[in-house]
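Model, not experiment: these values are computed from the prediction. No hydrogens, no waters, no symmetry mates; every other heavy atom, side chains included, goes into these values.
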Amino acid sequence: MEKKVTISVKGSPPVEIRAQGLNGLKALRALSMDNMERMAAIKINGEIKDLSAEINSSAELEPVYIDSQEGLQILRHSAAHVMAEAVRELFPGTKVTIGPAIKNGFYYDFDYERAFEANDLPKIEKRMAEIIEEDLPFIRNEIPHSEAIDFFRSEGEPYKVELIEELSEEAITMYRQGNFTDLCRGPHLPSTGKIRAFQLTHVAGAYWRGDERNAMLSRIYGVAFADRESLNAHLKNLEEARKRDHRVLGRKLDLFTIRDDVGPGMVIFHPNGAMLRRIIEEFEIKEHLKRGYELATGPQLLKTELWKKSGHFDHYREHMYFTSIEDQSYGVKPMNCLAHMLIYSSKVRSYRELPKRYFELGTVHRHERSGVLHGLIRVRQFTQDDAHILCTPEQLKVEIQNILDFVRDIMAIFGFDYDLEISTRPKKSIGTDVDWQKATKALIDSVEEYNLPYQINQGEGAFYGPKIDVMLKDALERSWQCATIQCDFALPERFDLTYVGPDGEKHRPAMIHRVILGSIERFLGVLIEHYAGAFPLWLAPVQAIIFTITDRNIPYGEDLLETLSGAGIRAGKDFRNEKLSFKVREAQMKKIPYMLVVGDKEMETGNVTTRLRDGRNLPPMSPKEVVDRIRDESKNRR
RNA sequence: GCCAGCGUAGCUCAGCAGGCAGAGCAACUGAUUUGUAAUCAGUGGGUCGGGGGUUCGAUUCCCUUCGCUGGCUCCA
């Protein structure tokens, strides 16, 4: 008797069908599913598989469409395989390594006699288009471990051999399309023809397995989407994002410059930029004082001996700058913690005064490798909104939760979404395992009690303790670490910090290093992109600009300027003998929130006509009404 | 630091099979007294990132160095 199985798909009645030769595609066809041509894969009892996967027992099925999150992932991965085939064909001798799908696209790392360059991409794209045109099926195949190794050896693919040697599975899954076979878990599209919209974007160097001791490979990046329209939309988005780039806006808005002759990673803030950061710094000081922090200020140079004591010399030296004064060696501070600990240890502390929260807008210098510098976001001198909290171990969790509250409040004001990441003990570190475990647990417990989603990064903590990082995204969707909360049992130990407990005995306090914005420079960079340069009124370096229509209006304009400045509003003027539209255009490009027009009409009535940055005009108001409006809006941080 | 690409006027960029270095915007001067995203006319401005080499001659080719960009790595 022939075997039958029952298959079903959510939302429609189950169907009984002959098991012989049944696969995903046939099953979905039997269930008369719509949009068959848009299917990329299938879920069989929740497990994602190729459409060609065999079905030999009753199962619940779910199609995976090519434009779904999972479908796109498969599409991009398949595109990577097609690229690998094209490259191997066009550049004989190329060894393939790995080629995953990534956000919006894919990459593949190759080892070739020379690095690939942008000029090579059109040729590769052309060949890929041909492979897609041929509509070659992706064929899955499982072979024994040893056979897989033999196969890739014979193909001259040492990287694949290395990968397989590390796999413990008996059977190795391979995928083949045309004459290219790759080690791959899958799933893949049914055939290359489903790749409708892709583009190779750029090349880059990348180390084999991300380790700089390994060979430098040549990576080619591409993007791929379900259809041409989505691809074009994505490319257009990228274009828009580039216009938001803080390095471009920084110049246009006259915020800052970074110059060769000054030094890489060293920022010069122009008046507008300096104003912007000062507004943020003053805001921060207020917010910290509100939450029980005390101000502290440490020196820029501290004796090298002290950096040895703290462990920075052993673990962080390559990022530090040293100098010598009267035969004494000094280190320029890369972190602010030392002075804060010394304030703590300047007298005997009682448990009654804990927690101590020391806050400093501390400027630090770090020797970042030249290749990583990036506008304001990665620099060599920056100012942190840094605090160190010394508390009893029992207070640790509440303190961490207070900080998480603080982060939430501040990010809400700026309108940022963020992700949390917890990093654990790195190889190069100080302190005992027990302390590391305690500290790591404190961090995880705090976040979990808050029901906040988080991701764990194994071995990525600071050398003195585990940490929670708050990641913000820039215009190009790159994530940047801003706030960070780091636990530390090691430094209090090294500096022999103590407090007297209720029992009259000395105890060791725990320490938290934390920043909310992180680096003011980096935060500003992300902020510029976040607002596309159109800062809300409370942050705008110039909040209002006054325009005259003719020279007759200048005295009235000067009076108005005085009124505004007197009221604490950051106001400017454009009294030049130019047409109004010309002045409006300039102010508009500088993204100034309020444009205040004073002409003969306004002089007669003693009023002001206001144009807002979004193009709206307000009815004429008295100078006092304008002042009140701007002050209100500014106070509400809009 | 590593791989690749790129450095031309204040900015954005053109030029260069090796033969006197260009545009637009900005700046400056003059005219215009102007009502919500560019008034007109004129003028000045470059050791073609720095150093070295090849050449009769280098912005152009080669080497080197500094810097920038995209990644890798690292991190606020």
Candidates B:rG1, B:rG67, B:rC74 - which lies nearest the side chain of A:Ser370: B:rG1
At under 4.0 Å between heavy atoms, what does A:Lys601 touch on the DNA or RNA strands: base, sugar-phosphate, or nothing? base
Taking atom C1' in both B:rG35 and B:rG70, what distance in whole Å separates the two? 47 Å
Within less than 4.0 Å of OP1 or OP2 of B:rC75, is there a side-chain N or O belonging to A:Gln481? no
Atom P, compared across B:rC62 and B:rA58: separation rounded to whole Å: 16 Å
For A:Tyr556 together with A:Phe575, are the ring centres under 6.0 Å from each other? no
NA contact type, A:Gly371, heavy-atom cut-off 4.0 Å: base, sugar-phosphate, or nothing? base
The ring pair (Phe, Tyr, Trp, His ring centres under 6.0 Å) partner of A:His530 among A:Phe416, A:Phe523, A:Trp480, A:Phe414 is A:Phe416
Please work out if A:Gly205 contacts a base, only the sugar-phosphate, or nothing of the nucleic acid, heavy-atom cut-off 4.0 Å. base
Just to be sure I understand the rule, does A:Tyr221 reach a base, reach only the sugar-phosphate, or reach nothing, if contact means heavy atoms closer than 4.0 Å? sugar-phosphate
Side-chain donor/acceptor of A:Arg291 to backbone N/O of A:Glu287, under 3.5 Å: yes
Counting the atoms with a prime plus P, OP1 and OP2 as sugar-phosphate, which does A:Val515 contact under 4.0 Å by heavy atoms, base, sugar-phosphate, or nothing? nothing
Under 4.0 Å between any heavy atoms, over every strand shown, what does A:Glu602 touch: base, sugar-phosphate, or nothing? Just pick one. base
Contact class for A:Ser218 (heavy atom, under 4.0 Å): base, sugar-phosphate, or nothing? nothing
Using atom CG of A:Leu249 as one end and atom P of B:rU12 as the other, report the distance to the nearest whole Å. 13 Å
Report yes if the distance between the aromatic ring centroids of A:His513 and A:His388 is under 6.0 Å, otherwise no. yes
Hey, does A:Asp469 reach any base, or is it just sugar-phosphate, or nothing, if we go heavy atoms under 4.0 Å? nothing
When rounded to the nearest Å, what value does the distance between P atoms of B:rC11 and B:rC48 take? 16 Å
Rounded to whole angstrom, note down the C1' distance from B:rG45 over to B:rG24. 15 Å
Could I get a table of every N or O pair under 3.5 Å where one atom is in the protein and the other is in nucleotides 27-33 of chain B?
residue, atom, partner, partner atom, Å
B:rU32, N3, A:Asn577, ND2, 3.2
B:rU32, O4, A:Asn577, ND2, 2.5
B:rU33, O2, A:Asp551, N, 3.1
B:rU33, N3, A:Asp551, OD2, 2.8
B:rU33, O4, A:Asp551, OD2, 2.8

Is A:His374 near enough to B:rG70 that one of its side-chain N or O atoms lies under 4.0 angstrom from OP1 or OP2? yes
Please state whether the base of B:rG71 and the side chain of A:Tyr207 form at least one donor-acceptor pair under 3.5 Å? no
Any strand: nucleotide that pairs with B:rG22 via Watson-Crick or wobble, under 3.5 Å: B:rC13
Heavy atoms under 4.0 Å, any strand shown: does A:Ala115 hit a base, just sugar-phosphate, or nothing? sugar-phosphate
Pairing check on B:rU73: which nucleotide meets the Watson-Crick or G-U wobble criteria with it, both distances under 3.5 Å? none
Mate of B:rU47 where both pairing distances stay under 3.5 Å, Watson-Crick or G-U: none
Side-chain atoms of A:Val597 come closest, of B:rC3, B:rG35, B:rA37, to B:rG35
Report yes if at least one side-chain N or O of A:Lys467 is closer than 4.0 Å to OP1 or OP2 of B:rA76; otherwise report no. yes
Would you measure the distance from the P atom in B:rC56 across to the matching atom in B:rG51 and give it in whole Å? 22 Å
Tell me what A:Leu373 touches on the nucleic acid: a base, only sugar-phosphate, or nothing, going by heavy atoms under 4.0 Å. sugar-phosphate
From CZ of A:Arg585 across to C1' of B:rA26 the rounded distance in Å is 11 Å
Pairwise P distance, B:rA14 and B:rG7 [rounded to whole Å]: 8 Å
A:Gln384 CD to B:rC75 C1', straight-line distance once rounded to whole Å: 11 Å
Checking all strands, does A:Val379 fall into the base, sugar-phosphate, or nothing category for heavy-atom contacts under 4.0 angstrom? base
Of B:rG70, B:rA76, B:rU36, the nucleotide closest to the side chain of A:Gln486 is B:rA76
Residues in ring-ring contact (aromatic ring centres under 6.0 Å, His included) with A:Tyr112, at least two apart? A:Phe91, A:Phe116
Is it true that A:Tyr464 and A:His315 have ring centroids separated by less than 6.0 Å? no
B:rC66 and B:rA21, which share atom name C1', separated by this distance in whole Å: 24 Å
Heavy-atom count around A:Arg408 CZ within 6.0 Å, excluding the residue itself: above 12? yes
May I have the distance from A:Asn214 (atom CG) to B:rG71 (atom C1'), rounded to whole angstrom? 17 Å
Testing the basics here: between A:His374 and A:Arg247, what is the closest heavy-atom pair and its distance to 0.1 Å? CE1-NH1, 3.3 Å
Which residue lies more 5' along RNA chain B, comparing A:Tyr316 with A:Asp600 via nearest heavy atoms: A:Asp600
Side chain of A:Val372: nearest nucleotide among B:rU36, B:rU73, B:rG70? B:rU73
Picking from B:rU36, B:rC75, B:rU73, the nucleotide nearest the side-chain atoms of A:Val584 would be B:rU36
Which part of the nucleic acid does A:Asp386 contact within heavy-atom distance under 4.0 Å: base, sugar-phosphate only, or nothing? nothing
Within less than 4.0 Å of OP1 or OP2 of B:rU36, is there a side-chain N or O belonging to A:Ser581? no
Side-chain atoms of A:Arg369 come closest, of B:rC74, B:rC72, B:rA76, to B:rC74
Test side-chain hydrogen bond (donor to acceptor under 3.5 Å, both in side chains), reference A:Tyr159, set A:Asp111, A:Asp109, A:Thr97, output is A:Asp111
Any chance the rings of A:Phe106 and A:Tyr108 have centres within less than 6.0 Å? no
Phosphate-side-chain proximity, A:Gln588 and B:rA38, N/O vs OP1/OP2 below 4.0 Å: no
Sugar-phosphate only, base, or nothing, as touched by A:Arg219 at under 4.0 Å among non-hydrogen atoms: sugar-phosphate
Reckon A:Arg247 has a side-chain N or O less than 4.0 Å from the OP1 or OP2 of B:rG70? yes
Measure CG/A:Asp111 against C1'/B:rA4 and give the value in whole Å, please. 15 Å
Under 4.0 Å between any heavy atoms, over every strand shown, what does A:Glu117 touch: base, sugar-phosphate, or nothing? Just pick one. sugar-phosphate
For A:Met335 and A:Asp211, take the nucleotide of RNA chain B holding the closest heavy atom to each; which residue's nucleotide lies nearer the 5' end? A:Asp211
Are A:Arg514 and A:Phe359 in a cation-pi setup, meaning NZ or CZ lies under 6.0 angstrom from the ring centre and within 45 degrees of the ring axis? no
Report yes if at least one side-chain N or O of A:Arg213 is closer than 4.0 Å to OP1 or OP2 of B:rC2; otherwise report no. no
For B:rG7, the Watson-Crick or wobble counterpart (both distances under 3.5 Å): B:rC66
Ignoring hydrogens and angles, does a donor from either the side chain of A:Arg366 or the base of B:rC75 sit under 3.5 Å from an acceptor on the other? no
